[in-house]
Amino acid sequence: MLLEMKGVTAGYGKITAIRDISIAVPEGKIVTIIGGNGAGKTTTLRAMSGMRPVMQGEIKFEGKRIDGLPASKVVAHGIAHVPEGRRIFPDMTVEENLRTGAFLRKDKPEIESDLDGVFGRFPRLRERRTQRAQTMSGGEQQMLAIGRALMSKPRLLLMDEPSMGLAPVIVEEIAQIIEEINEQGLSVVLVEQNAELALELADYAYVLETGHCALEGPAHELHDNEHVRAAYLGI
């Protein structure tokens with residue numbers, strides 16, 4: 001198993017946001033976490049990436065404990081986080097944003113090669129490489145956030161609400177990008193308010209409700225689950 005979260009409790013100060021969460025991410029798969037607002041989805045990703053301390057439980061990546069490590073060390077282990085709202089550096093250029101994703105790396109020739117690879121995957125970023133990030137559209141900024149994460153050469157990509165605020169045609173493009181990244185061997189944990197999209201993309205799914213895991217199973221099975229269809233798919 002690439003990543004294992006076992007019995008994890010985490011939160012903010014005295015507020016517990018998730019309680020006794022266990023999630024497994026197999027190598028080469030897309031795992032999605034769905035649920036309503038305040039269910040604990042973002043906190044779960046932040047615990048995985050070291051951005052939120054774990055109060056109880058453990059998180060292992062490739063068999064090694066990573067809970068308790070700072071976020072920079074988690075990145076060095078091979079986990080990249082595309083946060084909700086993209087969180088790009090608005091006053092930096094596209095290329096400068098991308099290079100920040102490789103700040104822990106020392107392999108300069110490979111960094112240049114990977115930068116070319118990102119520009120090949122996202123031609124619009126190549127066209128705008130000297131443009132300030134804040135001047136781009138929401139879809140372009142999301143591509144930049146994904147490209148920046150890829151520059152760290154991750155084994156696991158954590159994605160928080162990548163479709164948020166985007167036009168339907170751009171959402172389809174982002175979905176295709178996620179599929180292509182996964183087909184090339186990168187494992188993905190996808191948090192997504194658009195449950196229909198998430199369950200279409202994922203191999204396995206977890207449903208969080210008020211900080212705990214209410215359901216889990218193969219994504220196609222949860223798509224047909226009556227509770228999921230009524231609560232999250234509007235069917």
Side-chain angles (χ1 to χ4, degrees), residues 3 5 8 10-13 15-19 21 23 25 30-54 59 70-72 74-75 79-92 94 97-98 100-101 122 125 133-134 136-152 154 156-168 170-179 181-182 186-202 205-213 231-232:
L3 182 139
M5 173 181 271
V8 169
Y12 304 85
I15 299 173
T16 300
I18 57 173
R19 182 178 286 102
I21 296 287
I23 290 174
V25 183
I30 299 177
V31 171
T32 190
I33 304 170
I34 64 173
N37 290 332
K41 305 185 301 297
T42 291
T43 303
T44 301
L45 283 196
R46 288 178 174 173
M48 289 179 179
S49 65
M51 296 174 64
R52 203 70 246 154
V54 171
I59 303 174
S72 60
V74 175
V75 172
I79 299 176
H81 191 158
V82 182
E84 180 182 0
R86 300 177 275 277
R87 304 290 179 88
I88 57 170
F89 298 106
D91 292 323
M92 294 171 64
V94 167
N97 266 276
L98 291 174
T100 64
F122 303 107
L125 298 186
Q134 66 182 357
M136 300 198 303
S137 70
E140 290 166 346
Q141 290 183 15
Q142 186 63 66
M143 293 175 193
L144 178 57
I146 295 171
R148 181 179 62 185
L150 294 177
M151 285 298 295
S152 69
L156 175 63
L157 187 63
L158 311 179
M159 306 188 75
D160 196 351
E161 303 284 8
S163 75
M164 180 180 289
L166 302 182
I170 304 299
V171 171
E172 290 180 11
E173 191 171 352
I174 295 297
Q176 184 176 352
I177 289 166
I178 294 171
E179 287 184 316
I181 289 171
N182 177 247
L186 184 59
S187 305
V188 178
V189 177
L190 174 64
V191 159
E192 183 55 66
Q193 194 75 18
N194 185 337
E196 183 78 41
L197 173 67
L199 294 173
E200 286 178 3
L201 290 173
Y206 294 84
V207 179
L208 298 192
E209 294 181 352
T210 59
H212 73 279
C213 184
Y232 304 108

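- Taking all atoms of both residues into account, the shortest heavy-atom contact from Met92 to Asn97 is O-ND2, 3.4 Å.
- Judged by distance alone, the side chain of Arg52 and the main-chain N or O of Gly11 form a donor-acceptor pair under 3.5 Å.
- Pro162 approaches Gln142 most closely through the heavy-atom pair O-OE1, 3.2 Å.
- Using a 4.5 Å heavy-atom threshold, the side chains of Ile178 and Ile30 count as touching.
- In this structure, Val82 and Leu158 have side chains that are not in contact, with every pair of non-hydrogen atoms separated by 4.5 Å or more.
- Atom CD1 of Ile79 and atom NE2 of His81 lie 10.5 Å apart (nearest 0.5 Å).
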- Task: Evaluate the side chain to side chain contact (heavy atoms under 4.5 Å, CB included) criterion for residues Leu190 and Val31: first the C-alpha distance (whole Å), next the side-chain angles of each, then the deciding distance (0.1 Å), finally the verdict.
- Result: CA-CA 6 Å; Leu190 174 64; Val31 171; over 6 Å; no

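- Proximity of Ile23 to Met48: side-chain heavy atoms (C-beta onward) are separated by under 4.5 Å at one or more points.
- Note that the OG atom of Ser152 and the CG atom of Leu157 stand 8.0 Å from one another [nearest 0.5 Å].
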- Task: Give the intermediate values and the outcome of side chain to side chain contact (heavy atoms under 4.5 Å, CB included) for residues Val94 and Ile88.
- Result: CA-CA 9 Å; Val94 167; Ile88 57 170; over 6 Å; no

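- A heavy-atom distance below 4.5 Å is found between the side chains of Ile21 and Leu208.
- Val188 has its side chain out of reach of Leu156: every pair of non-hydrogen atoms, C-beta onward, lies at least 4.5 Å apart.
- Atom CZ of Arg148 is separated from atom CE of Met143 by 15.5 Å, given to the nearest 0.5 angstrom.
- Contact record, Ala198 with Glu192: CB-CB, 3.8 Å, taken as the closest heavy-atom pair.
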- Item | Working for side chain to side chain donor-acceptor pair (under 3.5 Å), residues Tyr206 and Thr44 | CA-CA 11 Å; Tyr206 294 84; Thr44 301; over 6 Å; no

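- The heavy-atom pair separating Ala47 from Ile59 by the smallest distance is O-CD1, 3.4 Å.
- Between Leu166 and Gly138, the closest heavy-atom pair is CD2-C, 3.5 Å.
- No side-chain heavy atom of Gln193 sits less than 4.5 Å from a side-chain heavy atom of Met164.
- Here the side chains of Leu197 and Val171 are in contact, with some heavy-atom distance below 4.5 Å.
- In summary, the side chains of Ser163 and Asn194 do not present any donor paired with an acceptor at a separation below 3.5 Å, with no hydrogens or angles considered.
- Minimum interatomic distance between Met136 and Gln141 (heavy atoms only, all atoms of both residues): O-NE2, 3.0 Å.
- Of the possible polar contacts, none joining the Thr43 side chain to the Ala17 backbone as a donor-acceptor pair under 3.5 Å is found.
- Residues Ile146 and Met159 are in side-chain contact: their nearest non-hydrogen atoms beyond the backbone lie under 4.5 Å apart.
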- Item | Val207 vs Tyr232, side chain to side chain contact (heavy atoms under 4.5 Å, CB included): CA-CA, chis, key distance, verdict | CA-CA 10 Å; Val207 179; Tyr232 304 108; 3.6 Å; yes

- Does the side chain to side chain contact (heavy atoms under 4.5 Å, CB included) test come out yes or no for Thr32 and Leu201, once each step is laid out? CA-CA 8 Å; Thr32 190; Leu201 290 173; over 6 Å; no

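- With values rounded to the nearest 0.5 angstrom, Phe89 atom CZ is found 10.0 Å from Leu144 atom CG.
- At least one donor-acceptor pair closer than 3.5 Å links the side chain of Lys41 to the backbone N or O of Gly36.
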